[in-house]
Amino acid sequence: MAPAISISLNDSTDLTDFVINQGHGVKGLSEMGIKALPEQYIQPLQERVMTKIEPRESIPVIDMSKWDDPQVANSICDAAEKWGFFQVVNHGVPQEVLDSVKKATYGFFGLPAEEKRKYSKENSPSNNVRFGTSFTPQVEKALEWKDYLSLFYVSEEEAAALWPSVCRDEILAYMKSSKVLINHLLQVLMKRLNVNEIDETKQSLLTGSVRTNINYYPICPNPELTVGVGRHSDVSTLTVLLQDSVGGLYVRGNEGEDSWIHVPPIDGAIVINIGDALQIMSNGRYRSVEHRVTANGSSNRISVPIFVNPRPQDMIGPLPETLANGEKPIYKKVLYSDYVKHFFRKAHDGKDTVDFAKITN
């Protein structure tokens, strides 16, 4: 139901108060039935226009039903090297878990603004639970058309105490059900880097912290003028993404600077992408690729990414095994929390974050 509130869309303070402080998000704007996009959301031309979309290109879809087949392992590693993105089917995460977490996502965003506001930066009882809008509104010149809830996992006890009850159990079930898939993918990817066994130290470095977001992209009055999410690569080791049937995720292609490939929704599939942390650990062998989400003029869209990361206190750099044959490191060691702070300190800017870890001659 549309919020029974009148705001001036031309008054930036009024708009910020409604969207951010009052907790309505862009969902609230969309449900007011606004006919024109507020100017705060109008992106620069170069950020909203994809000049070259590759209709014949597509990222690989990998059938995981024969997990031990060397051909499946090769397909995973090849996709990580060439594309940085792939979809998996027959992955072992039950369909009912995927359906439940999608339903729970709509459940959270369907709550009244005053309920969602309890989890905003100003009101949340913990930094580990955060309801917000756009990406980093304080530093963005133009805002993104997205609301989100971000949940950093510490323990079952903390989740039980602090996560919203409307979606808590479903998100935890999705995270737990994805663990076997995540560990299998990392074992395969590590083997190609000459890491034959993931011991406790490596496991912690690769998967020591986990954050899950639920994202809501409401219907937008002028989708061609804005973005759902701007160009960026993830700071994770791996991202495990559930998308709905609407579509709108685009990945940077291999055909030059401005080529983009749509990642079509496949029922029951999960999208996997390599994050910056794994690009750095693999010394550039695996690619963390820029991606973006378009706004939509006719459908609401949701997505649920699990970000599998090093721990904040970990030093990340090329793994010794990747340099064993005399390969020169192209990245230095950086404290992971410094890397993440650098990412969140600015607006989305494509692949620029990874330069933070590059060795400059």
Side-chain angles (χ1 to χ4, degrees), residues 25-27 59 64 85-89 91-111 116 119 128-135 144-154 156 159 162-182 185 207 209-218 228-229 232-251 262-275 291-296 299-309:
V26 285
K27 181 175 185 283
I59 65 164
M64 301 287 286
F85 264 81
F86 52 97
Q87 300 203 62
V88 291
V89 295
H91 41 63
V93 183
Q95 185 65 43
E96 57 269 23
V97 169
L98 302 181
D99 292 341
S100 293
V101 80
K102 285 194 264 193
K103 192 174 172 190
T105 298
Y106 275 108
F108 174 78
F109 289 105
L111 291 173
K116 290 183 286 196
Y119 304 100
N128 296 332
V129 181
R130 175 72 50 82
F131 166 65
T133 189
S134 192
F135 177 61
E144 299 175 348
W145 194 258
K146 178 189 86 165
D147 298 329
Y148 67 87
L149 176 71
S150 185
L151 301 163
F152 184 84
Y153 180 81
V154 173
E156 292 271 338
L162 300 181
W163 290 16
S165 59
V166 70
C167 57
R168 176 187 59 226
D169 294 344
E170 293 82 358
I171 293 171
L172 286 171
Y174 172 48
M175 288 169 64
K176 277 184 202 153
S177 299
S178 302
K179 255 187 173 173
V180 173
L181 170 65
I182 290 162
L185 290 170
T207 68
S209 71
V210 180
R211 179 185 296 280
T212 301
N213 281 14
I214 56 175
N215 299 323
Y216 189 89
Y217 304 90
V229 179
H232 70 289
S233 61
D234 294 345
V235 292
S236 56
T237 302
L238 278 184
T239 302
V240 176
L241 173 79
L242 176 63
Q243 59 172 347
D244 64 11
S245 59
V246 174
L249 171 63
Y250 286 83
V251 173
H262 187 232
V263 181
I266 297 171
D267 191 38
I270 291 175
V271 180
I272 307 292
N273 66 279
I274 306 300
H291 48 287
R292 63 197 296 169
V293 175
T294 54
N296 192 297
S299 299
N300 300 314
R301 178 181 185 266
I302 57 163
S303 68
V304 188
I306 300 173
F307 301 103
V308 181
N309 315 297

ring-ring contact (aromatic ring centres under 6.0 Å, His included) filter on Phe109, not counting sequence neighbours, yields Tyr216
When rounded to the nearest 0.5 angstrom, what distance separates [atom1] in [X] from [atom2] in [Y]?
X	Y	atom1	atom2	answer
Thr237	Ile182	OG1	CD1	10.0 Å
Ser165	Leu111	OG	CG	8.0 Å
Thr105	Ile171	OG1	CD1	6.0 Å
Leu249	Ile59	CG	CD1	7.5 Å
Arg292	Ser233	CZ	OG	14.0 Å
Asn213	Thr239	CG	OG1	10.0 Å

Closest contact, heavy atoms only, [X] versus [Y]:
X	Y	value
Asn215	Tyr148	OD1-CB, 3.4 Å
Leu162	Tyr119	O-CE2, 3.6 Å
Pro164	Phe108	CG-CE1, 3.8 Å
Leu98	Leu242	O-CD2, 3.6 Å
Lys146	Val26	N-CG2, 3.6 Å
Asp267	Gln95	OD1-NE2, 4.2 Å

Is there a side-chain contact between [X] and [Y], using heavy atoms and a 4.5 Å cut-off?
X	Y	value
Leu151	Met175	no
Ile270	Leu241	no
Val308	Ser236	no
Ile274	Leu238	yes
Asp99	Lys102	yes
Phe152	Phe307	no

Would you find a donor on one side and an acceptor on the other, under 3.5 Å apart, between the side chain of Asp234 and the backbone of Asn273?
no
- Query: Between Ser150 (side chain) and Val129 (backbone), is there a donor-acceptor pair under 3.5 Å?
  - Reply: no
So the side-chain hydrogen bond (donor to acceptor under 3.5 Å, both in side chains) pairs with at least one residue in residues 241-250 (sequence neighbours excluded) are Gln243-Arg301
Contacts of Lys176 meeting side chain to side chain donor-acceptor pair (under 3.5 Å) (sequence neighbours excluded), chain-then-number -> Glu156
message: Checking Asp169 against Trp163 for the side-chain contact (heavy atoms from CB on, under 4.5 Å) test, could you report, in this order, the C-alpha distance in whole Å, the side-chain angles of both residues, the deciding distance, and whether it holds?
response: CA-CA 9 Å; Asp169 294 344; Trp163 290 16; over 6 Å; no
**Request:** Report the C-alpha separation of Ile302 and Tyr106 in whole Å, then their side-chain angles, then the decisive distance to 0.1 Å, and conclude whether the side-chain contact (heavy atoms from CB on, under 4.5 Å) test is met.
**Result:** CA-CA 8 Å; Ile302 57 163; Tyr106 275 108; 3.5 Å; yes
### Task
Applying side-chain contact (heavy atoms from CB on, under 4.5 Å), run through Tyr217 and Val246 and close with a yes or a no.
CA-CA 10 Å; Tyr217 304 90; Val246 174; over 6 Å; no
Kindly indicate, with the supporting measurements, whether the criterion side-chain contact (heavy atoms from CB on, under 4.5 Å) is fulfilled by Val271 and Gln87. CA-CA 4 Å; Val271 180; Gln87 300 203 62; 3.7 Å; yes
Review point. Do the ring planes of His232 and His291 sit parallel (below 30°), tilted (30 to 60°) or perpendicular (above 60°)?
Key: tilted
